Structure formats: structure tokens, C-alpha cells
Amino acid sequence: MTALPPSESVPPAHPGDRPLSGRRILVVEDEYLIAIEIERWLQEAGAEVAGPVPDAERALALIETEALDAAVLDVHLNGEPAYVVADRLTACGVPYLFATGEVRLAEGSDYRAHAVLGKPLLDDELLRAVSRLIAH
């Protein structure tokens with residue numbers, strides 16, 4: 001069986017099959033295999049992915065140059081907290097969620113008001129959570 005070239009690929013059966021169509025989602029994840037899985041899931045749902053990027057510096061650069069609809073953040077990026085990225089997203093009015101193996105967020109912060117998905121991630125869970133972010 002041979003794969004169809006991209007230009008001949010079969011469109012989704014229903015428009016709802018691509019719930020993130022036209023949306024730009026920032027992915028900030030330092031673990032490569034997890035980052036590419038998240039990217040693939042979002043793209044299959046119709047999203048355009050900014051990144052994925054593995055550190056706060058690159059994430060902050062994308063926030064300043066890209067029009068974003070939402071973001072998926074790991075809490076720890078190579079041992080450093082991602083809260084500076086979360087703060088900048090908040091300042092720019094971009095909704096975000098945490099996708100992390102870290103179950104505790106910073107004490108006394110507004111970060112706890114954001115959705116937290118525990119790793120390992122499930123594709124349906126991630127897509128539902130991102131869709132909820134965009135809907136609000």
C-alpha cells in the first residue's frame with residue numbers, strides 16, 4: 001500500500017474532525033519525543049504549531065513575533081521553571097495550559113487557575129483541553 005502525496009490526501013470526514021483548524025498553538029516542551037507527539041496531535045487536529053521550542057528564551061521570542069491562540073507549556077524546561085513564559089502569555093492575553101510530569105505548581109500563584117495535564121499525555125485529553133482554552 002502506498003501513501004497518497006500530500007496534495008491528494010483524503011480530507012477529514014466532518015469539519016469537526018479538525019477542531020483546531022486555523023488556530024496557532026505554541027508548544028514549549030524540552031523533551032524531544034514528547035514535543036513532536038504534541039506537535040503531531042495538534043497538526044492532525046488542524047492547528048498550526050509555533051515551535052515546539054525547548055526553552056524559555058525561544059518561547060519568549062515566539063510570543064513576541066507570532067500571533068498565538070493558545071499555548072501548551074511544560075513546567076520545567078531543562079531544570080528551569082517555565083513561569084516566565086506563562087507570565088508573558090498572560091500579559092499578552094494568550095490562554096495556556098500546563099502539560100507536565102510535575103504535579104505541584106508554584107505556591108501562592110495564579111498558575112493553579114490554569115489546566116494541568118499530567119504526563120504521560122493522551123492525545124484526546126490534550127486536544128479537548130486546548131479546544132476548551134480557545135473556546136473561552
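None of the values given here were measured: they were computed from a predicted structure.
The shortest heavy-atom contact between L68 and A50 is CD2-CB, 3.8 Å. Of all heavy-atom pairs between V28 and A59, the closest is CG2-CB, 3.7 Å. Considering all non-hydrogen atoms of both residues, A71 and V94 come closest at N-CG1, 4.4 Å. Pairing each heavy atom of P54 with each of D30, the nearest pair is O-CB, 3.4 Å. Scanning both residues, L20 and S131, for their nearest heavy atoms gives CD2-OG, 3.5 Å. Between L127 and A45, the closest heavy-atom pair is CD2-CB, 3.8 Å.
Hydrophobic clustering, with ILVMFWY side chains joined whenever heavy atoms are under 4.5 angstrom apart, keeps V72 apart from V75. With hydrophobic clusters built from ILVMFWY side chains whose heavy atoms lie under 4.5 angstrom apart, L122 does not share a cluster with I34.
Contacts classified as side-chain hydrogen bond (donor to acceptor under 3.5 Å, both in side chains) and involving residues 45-68 (residues at least two apart or in different chains) are given here: R24-E66, D55-R58, E64-R88.
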Audit row: L117, E125, side chain to side chain contact (heavy atoms under 4.5 Å, CB included) steps and yes/no: CA-CA 8 Å; L117 301 180; E125 178 184 44; 3.8 Å; yes

Check against side chain to side chain contact (heavy atoms under 4.5 Å, CB included), L62 and V53: CA-CA 9 Å; L62 281 177; V53 293; 3.6 Å; yes

Pair K119-D74, salt bridge (Lys or Arg N to Asp or Glu O under 4.0 Å): steps then yes or no: CA-CA 10 Å; K119 292 179 183 173; D74 188 1; 3.1 Å; yes

Chi angles and distances behind the side chain to side chain contact (heavy atoms under 4.5 Å, CB included) call for L121, I38: CA-CA 9 Å; L121 297 171; I38 292 171; 3.6 Å; yes

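In this structure, Y83 and F98 have perpendicular ring planes: the angle between them is above 60°, well past the 30° mark.
Checked against side chain to side chain contact (heavy atoms under 4.5 Å, CB included), L133 has the following partners two or more places apart in sequence or in another chain: A70, P95, L97. Among residues two or more places apart in sequence or in another chain, the side chain to side chain contact (heavy atoms under 4.5 Å, CB included) test is passed with V49 by V27, E39, L42, Q43, P52.
Distance alone, capped at 3.5 Å, places no donor-acceptor pair between the E31 side chain and the L33 backbone. In this structure a side-chain-to-backbone donor-acceptor pair under 3.5 Å is missing from D123 to W41.
Each of T90, I25, V130 was compared with Y96 under the side-chain contact (heavy atoms from CB on, under 4.5 Å) criterion, and only T90 meets it.
In this structure, the separation between NE2 on H114 and CG on L89 is 9.0 Å, given to the nearest 0.5 Å. Distance check, rounded to the nearest 0.5 Å: CG of D69 to CD1 of I134 gives 5.5 Å.
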